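Numbering of residues begins at 1 and proceeds along the displayed sequence. All of these numbers come straight from a predicted model, not from anything done at the bench.
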Amino acid sequence: MNPKSAPTDSNRRWRGRGDPVTSSEGAPGQLQPPPVGAPPIVPQQPVSPASDRTAETTCPAVVVDPDDTPVGTGGLLTGLGSVRTSSWLTSAAIHLCLLIVLAVLTYRLGGNERGISIDGSVSSPGADVEFETIQTEAQQASSDAPSFDQPVNVPLVETSTSDAATSIAVTSITAPDQAYQVNDLATADLKSGSSPANTAMQTFLGGGGMSARTPEGRKKYGDLYGATAASETAVENALRWLAAHQRSNGSWSFDLSLDPCDGQCGNSRKVDDDTPTPATAATGLALLAFMGAGYTSDVGPYQETVTRGFYYLKSAATESESGYDWQQSGSMYGHGIAMMALSEALGMTQLNDRYDSDLLHFVERGALFTTIAQHPNGSWGYTPASPGDTTVTGWQLLSLVGARKAGIPLPSTTFPKTKAFLMSVREEPTYQFGYNTPEPRRTTTAIALTLMMYLGQTPGNTLFDEAVDQLASAGPKRTDVYHDYYATMALHHWRHPGWEKWNTALRDHLVQTQATQGHEAGSWHFKDPWGDIGGRVYTTAMCTLILEVYYRFLPLYEKPSDFPL
């Protein structure tokens with residue numbers, strides 16, 4: 001691993017958000033007396049003796065002889081020795097006596113062998129005291145301020161129970177006959193709903209949170225929102241394929257001509273395309289798929305696979321004055337997807353208020369780079385601080401949402417600026433969105449609708465609701481997994497009434513089109529522009545994330561009340 005700045009105390013893995021810092025103060029200097037024989041210092045402003053000396057309990061007599069020489073006053077007047085000061089001293093002494101007399105009249109002294117007690121008089125209990133009241137006006141929150149994970153009551157579309165065989169809770173999971181058989185350990189927890197250790201590792205994040213990424217969550221929410229035994233088996237087969245294609249250094253590559261595949265699978269990335277396809281992006285996508293099923297470095301059958309993947313991302317980070325950078329070949333796609341994986345890992349491995357110190361360090365420094373790389377118009381481009389588009393912006397924003405949920409502080413302007421950019425590429429008055437202009441496209445509209453939900457857009461805006469309705473009624477594209485991934489996220493978070501129809505069509509299509517033979521078994525590939533650029537690794541990871549949608553994130557606008565996490 002490349003050397004990085006020391007993140008935390010090397011003797012412990014876990015630490016909180018900060019440690020107390022102690023400091024000491026030096027002793028103040030002492031004033032030195034004037035030298036012997038020096039002339040007396042005459043104060044420029046009269047100073048009351050009561051402020052410089054301890055008041056006595058009796059009033060001393062003040063006598064001035066004809067030569068203006070102070071006598072009978074002890075050391076009080078001797079040090080002053082001036083006729084000019086005698087008058088104000090006399091006045092001060094008289095006033096001091098009056099104050100002492102008033103104090104004696106107000107308080108009576110008493111005591112015993114333990115000391116002196118002072119009793120004071122109390123005002124009448126019937127005294128009325130009026131206090132001035134201050135009227136304040138209630139502050140109204142700005143409608144443009146970002147609001148995350150605000151639950152609202154939305155009617156839930158109940159899952160159809162007409163076919164009991166499709167319910168995960170009553171169906172055993174059986175892998176199809178193919179080259180890669182599903183490891184029994186991978187499905188044992190799904191059948192039993194056990195593994196309390198996994199539950200303890202999750203952090204409850206409320207709306208949009210990751211607390212359902214447990215065996216219990218996969219059963220509960222998979223059954224509630226429309227997963228089947230076949231779709232869950234497809235997820236496990238896809239993860240098995242991804243694990244078998246991890247490289248020796250812990251990374252994944254879109255280029256399947258490299259080890260360990262060595263070209264045994266078809267549909268690798270386009271070799272004649274100059275679009276950057278960094279290994280950090282491929283590795284981030286694969287890790288997101290494992291974590292979506294609840295598998296981390298500490299939990300599940302792929303602990304070593306996930307650990308090696310994150311080891312690669314940490315070693316691949318380029319340290320700069322602006323934080324950690326995972327671009328590789330000048331692609332902010334690589335940075336955003338790697339950061340999204342690291343942010344989710346930080347949230348999933350949180351224990352109470354303790355964080356994995358290594359992950360915390362890398363996410364903090366990576367989020368710093370992301371925020372600095374944002375263009376002034378609120379977007380992110382292919383290179384830092386360049387004018388961007390909806391697609392690159394999507395990965396950056398969701399990576400920062402994950403960091404924010406894990407407790408990483410972010411600039412207050414980052415999310416409002418992102419929303420302003422999205423509104424600048426919106427075809428008014430509708431909520432159809434373009435790539436970097438208001439010319440609408442289906443894929444960029446699906447992306448922008450999802451991002452707007454994370455930025456606080458809630459149900460009730462008629463034009464926005466109509467855009468989500470159109471997204472659902474148009475149905476999945478089936479071969480454009482980039483569109484289908486974001487559209488599925490939007491409809492899931494919205495709990496749209498058309499969810500069951502959408503989910504059934506896309507879920508069954510993915511189950512039926514997953515490869516089942518040879519080295520490609522468990523993977524997907526569709527002929528479309530994005531699928532050809534990223535190849536089989538990209539398509540497989542994205543399809544897996546689609547089939548994990550039921551439990552990967554809790555809905556943003558519905559907080560289940562019957563799930564004990």
Side-chain angles (χ1 to χ4, degrees), residues 168-169 171-202 210-222 227-252 260-261 282-313 341-342 344-345 347-349 351 356 359 511 514-516 519-524 537 540-541 543-552:
I168 299 175
T171 307
S172 60
I173 298 176
T174 305
D177 184 14
Q178 58 179 10
Y180 288 120
Q181 298 296 325
V182 178
N183 191 324
D184 290 339
L185 292 176
T187 58
D189 286 341
L190 297 178
K191 299 177 183 178
S192 64
S194 61
S195 185
N198 191 24
T199 302
M201 293 298 294
Q202 308 307 312
M210 300 179 289
S211 60
R213 298 184 185 189
T214 64
E216 301 97 327
R218 290 180 69 173
K219 281 183 57 180
K220 175 72 176 183
Y221 290 101
T228 64
S231 68
E232 284 293 89
T233 298
V235 168
E236 295 300 328
N237 287 332
L239 296 178
R240 179 66 180 265
W241 184 87
L242 287 171
H245 285 74
Q246 185 179 32
R247 305 195 67 202
S248 58
N249 65 354
S251 71
W252 279 264
C261 186
T283 304
L285 281 175
L287 289 172
L288 286 170
F290 284 104
M291 290 189 294
Y295 300 145
T296 68
S297 299
D298 301 304
V299 176
Y302 297 103
Q303 295 179 36
E304 181 179 356
T305 300
V306 175
T307 299
R308 293 173 60 229
F310 280 113
Y311 181 90
Y312 169 77
L313 286 184
L342 288 160
E344 287 194 12
M348 290 185 69
T349 57
L351 274 171
D356 182 298
L359 281 173
V511 169
Q514 188 178 36
T516 58
H519 211 259
E520 296 177 351
S523 66
W524 286 272
V537 170
T540 300
C543 290
T544 306
L545 293 173
I546 292 173
L547 291 177
E548 293 171 345
V549 68
Y550 318 105
Y551 43 79
R552 184 172 171 235

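Going from atom CD of E344 over to atom CG of L359 covers 12.0 Å, rounded to the nearest 0.5 Å. To the nearest 0.5 Å, atoms CZ (R247) and SG (C261) are separated by 11.0 Å.
Considering only residues two or more places apart in sequence or on other chains, S251 meets the side chain to side chain donor-acceptor pair (under 3.5 Å) condition with N249. In this structure, E548 has no side chain to side chain donor-acceptor pair (under 3.5 Å) partners at least two apart in sequence or on a different chain. With sequence neighbours left out, the side chain to side chain donor-acceptor pair (under 3.5 Å) criterion links T283 to no other residue.
Side chain of R308 to main chain of S248: a donor-acceptor pair is present (N/O by atom type, distance under 3.5 Å, no hydrogens or angles). Side chain of T307 to backbone of Q303: a donor-acceptor contact under 3.5 angstrom is found. At least one donor-acceptor pair under 3.5 Å links the side chain of Q514 to the backbone N or O of A234.
Using a 4.5 Å cut-off on side-chain heavy atoms (C-beta onward), E304 and Q246 make no contact. Contact check for T544 versus W524: side-chain heavy atoms found under the 4.5 Å cut-off. Side chains of L313 and L287 form a contact here, defined as non-hydrogen atoms less than 4.5 Å apart. At least one side-chain heavy atom of R552 sits less than 4.5 Å from a side-chain heavy atom of L288. Residues R240 and Y302 form a side-chain contact, since some pair of their non-hydrogen atoms from C-beta on lies under 4.5 Å apart.
Ring geometry for W252 against F290 counts as tilted: the plane angle lies between 30° and 60°, on a 0 to 90° scale.
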task: Starting from the C-alpha separation in whole Å, work towards a yes-or-no answer on side-chain contact (heavy atoms from CB on, under 4.5 Å) for W241 and V537.
output: CA-CA 9 Å; W241 184 87; V537 170; 3.9 Å; yes

Stepwise side-chain contact (heavy atoms from CB on, under 4.5 Å) check, V235 with R218: CA-CA 12 Å; V235 168; R218 290 180 69 173; 4.0 Å; yes

